[in-house]
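Take a look at the structure set out below.
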Amino acid sequence: LVSWNALLASYAQNGHMEQAKRTFERMPEHNLVSLNSMLVAYAQNGHFGRAKSFFDSVSASYEANTVLWNSMLAALARDGKLAEAKDMFDEIPQWNLVSWNSMLAAFAQHGDMARAKDLFDRMPEKNVVSVNAMLTGYTQNGLLENAKEMFAKLPEVNLVQCNALLASYAQAGSVENAKQVFDELPCKDLVSWNSLLAAYAVKSHLNSAKDLFDRMPQHDMVSSTTMIAAYSMAAQLEEAECLFYSGLPHRDEISWTCILGAYARNGRLTQAERIFTRQPEQNRISCGAMLAAYSLNGHSHQARSTFDYMRALYTPDDISFVSILISCSSGARVYDGRCYFTSMESDYGIRAKKQHYCCMVDLLGRGGYLEHAYELLANMPFAAD
RNA sequence: CCCCCUUGAGAUG
């Protein structure tokens, strides 16, 4: 049984879902380790829907086990379902360090640093993972002072922390800084390579990206998907398609969403729609990509129905509100726009950002409500730019 | 033999 489990785990780690599934089905017996490996295989390969149904079917017939709960909690957080993750955390019969860390990371990744800090302070035990989760939460939410303070107290810096720094430069579009951190790393792993690749992709440095992609020691799903995204950003659809259809070891939920986004971003609505209805698992990001594509191309009716569809299945986020407001603006639907704008705060607790004010001012201005537009500008909680 | 931190997918007139 132990060797079967080891085999299963190694397929799971390398993203060979079919093999993992076949191994799981062929095993003479299952224990908690096998169940958990299968659950993690689904979650880490982007099959969030399948992970959830697997967990539900398993937890109906097995004793509650902290490792299974922890894996499912992490999967929910990775899929952006913070509220569900929190509910699940509260249901866990017995917590351990990993449960605390998972919940902490979920808060931090969703920008809720207040709750993250609160949890961090109350955790009965902590380790380097807990500290790293806090650190990256700070850097990704622009709380650099807090991050520095915490960094200063570290006895030594490890590769995960360096990679996190590299990634935060990449996300901020500071290619130079990212490159410098990368070059100075004494040893690099795949995450380091992938992060630098992402830095190039974000800034549409297609040649550097391509060059790096060809030079890196290995590729995994992350590398290839990043490269597809780089082609998409640079409007090289044929290259993106080529890599997606014939350069991937397999296709997961994220790579499907990536190619959908490539079509959507480049105005190929029909192809995007086809992927959307055909992809094995839709998710809130593929929905968001469709919504954005409709908005930006002036299909306000489809935008609205996609928004409703999305709202029924997932919790809309700030980005989906930007899209729907844009579509109201181009369809001159001032009243609808105001409804969405107020509903965003009151029904979903999403605080309006600059982008939302920008959309609203645009909407009001175009609709001839200039004085309302000025009033909104004067009362928003930001300096106008 | 399995679970937690760092890298890939959506918008911005």
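Each chain gets a letter, A, B and so on, in the order the sequences are listed, and its residues count up from 1. Everything numeric here is computed off the predicted structure, so don't read it as measured data.
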Inset, instruction - Using whole Å, report how far CG of A:L325 lies from P of B:rG10. - result: 20 Å

Legend entry - Spacing of A:L1 atom CG relative to B:rC2 atom P, expressed in whole Å: 13 Å

Legend entry - Single hit among A:E345, A:M344, A:M380, A:R351 for side chain to side chain contact (heavy atoms under 4.5 Å, CB included) with A:H356: A:M344

Inset, instruction - Name the nucleic acid region contacted by A:M221, choosing base, sugar-phosphate or nothing; use a 4.0 angstrom heavy-atom cut-off, strictly under. - result: base

Inset, instruction - Classify the nucleic acid contact of A:V40 as base, sugar-phosphate or nothing, counting any heavy atom under 4.0 Å across all strands shown. - result: sugar-phosphate

Inset, instruction - Starting from C1' on B:rC5, measure out to CG on A:N127 and report it in whole angstrom. - result: 8 Å

Inset, instruction - Please determine if a side-chain N or O atom of A:Q44 lies less than 4.0 Å away from the OP1 or OP2 oxygen of B:rC4. - result: yes

Legend entry - Cation-pi check, A:R78 onto A:F48 ring (under 6.0 Å, within 45° of axis): no

Inset, instruction - Could you state the atom-to-atom distance from CZ of A:R78 to C1' of B:rU6 in whole Å? - result: 12 Å

Inset, instruction - Evaluate the ring planes of A:F213 and A:H219, with Trp represented by its six-membered ring, and classify them as parallel (under 30°), tilted (30 to 60°) or perpendicular (over 60°). - result: parallel

Inset, instruction - Quick one: label A:I326 by what it contacts on the DNA or RNA (base, sugar-phosphate, nothing), any heavy atom closer than 4.0 Å. - result: sugar-phosphate

Legend entry - Sub-6.0 Å ring centroid separation between A:F89 and A:W69: no

Inset, instruction - Pick base, sugar-phosphate or nothing for A:T226, based on heavy-atom distances below 4.0 Å to the nucleic acid. - result: sugar-phosphate

Legend entry - Atom pair distance, as rounded to whole Å: CG in A:N194 and P in B:rU7: 11 Å

Legend entry - From B:rU6, B:rC5, B:rA9, nucleotide with atom closest to A:N132 side chain: B:rC5

Legend entry - A:K21 and A:E25 ion-paired at < 4.0 Å: yes

Inset, instruction - May I ask you to evaluate whether A:Q171 reaches the phosphate of B:rG8, defined as a side-chain N or O under 4.0 Å from OP1 or OP2? - result: yes

Inset, instruction - For A:S71, answer base if it contacts any base atom (sugar-phosphate contacts may also be present), sugar-phosphate if it contacts only those atoms, and nothing otherwise; contact means non-hydrogen atoms under 4.0 Å. - result: sugar-phosphate

Legend entry - Side chain of A:A9 - closest among B:rC4, B:rC1, B:rU6: B:rC1

Inset, instruction - Map A:A164 and A:D79 onto RNA chain B by nearest heavy atom, then report which one ends up closer to the 5' terminus. - result: A:A164

Inset, instruction - Ignoring the backbone of A:V222, work out which of B:rU7, B:rA9, B:rU12 is nearest its side chain. - result: B:rU7

Inset, instruction - Mind checking A:L8 for me? I need base, sugar-phosphate or nothing, with any heavy atom below 4.0 Å counting as a touch. - result: nothing

Inset, instruction - Using only side-chain N and O atoms of A:Q140, determine if any of them is under 4.0 Å from OP1 or OP2 of B:rU7. - result: yes

Legend entry - Interatomic distance, A:Y294 OH vs B:rA11 P [rounded to whole Å]: 15 Å

Legend entry - Nucleotide B:rG8, atom P - distance to CG of A:L243 in whole Å: 17 Å

Inset, instruction - State which of B:rC5, B:rU7, B:rC1 makes the closest approach to the side chain of A:N5. - result: B:rC1

Legend entry - A:R115 bridged to A:D118 by N-O distance under 4.0 Å: no

Inset, instruction - Mind checking A:R251 for me? I need base, sugar-phosphate or nothing, with any heavy atom below 4.0 Å counting as a touch. - result: nothing

Legend entry - Any A:Q282 side-chain N or O less than 4.0 Å from OP1/OP2 of B:rG10: no

Inset, instruction - Select base, sugar-phosphate, or nothing to describe what A:D252 touches, counting heavy atoms under 4.0 Å on all strands. - result: base

Inset, instruction - May I ask you to say what A:D317 touches in the nucleic acid, namely base, sugar-phosphate or nothing, with a heavy-atom cut-off under 4.0 Å? - result: base

Inset, instruction - Output yes when at least one side-chain N/O atom of A:R284 is less than 4.0 Å from OP1 or OP2 of B:rG10, else no. - result: no

Inset, instruction - Name the nucleic acid region contacted by A:D220, choosing base, sugar-phosphate or nothing; use a 4.0 angstrom heavy-atom cut-off, strictly under. - result: nothing

Inset, instruction - Nearest whole angstrom, please: distance from the C1' of B:rC4 to the CG of A:L119. - result: 12 Å

Legend entry - Close aromatic pair by centroid cut-off 6.0 Å: A:Y294 and A:H301: no

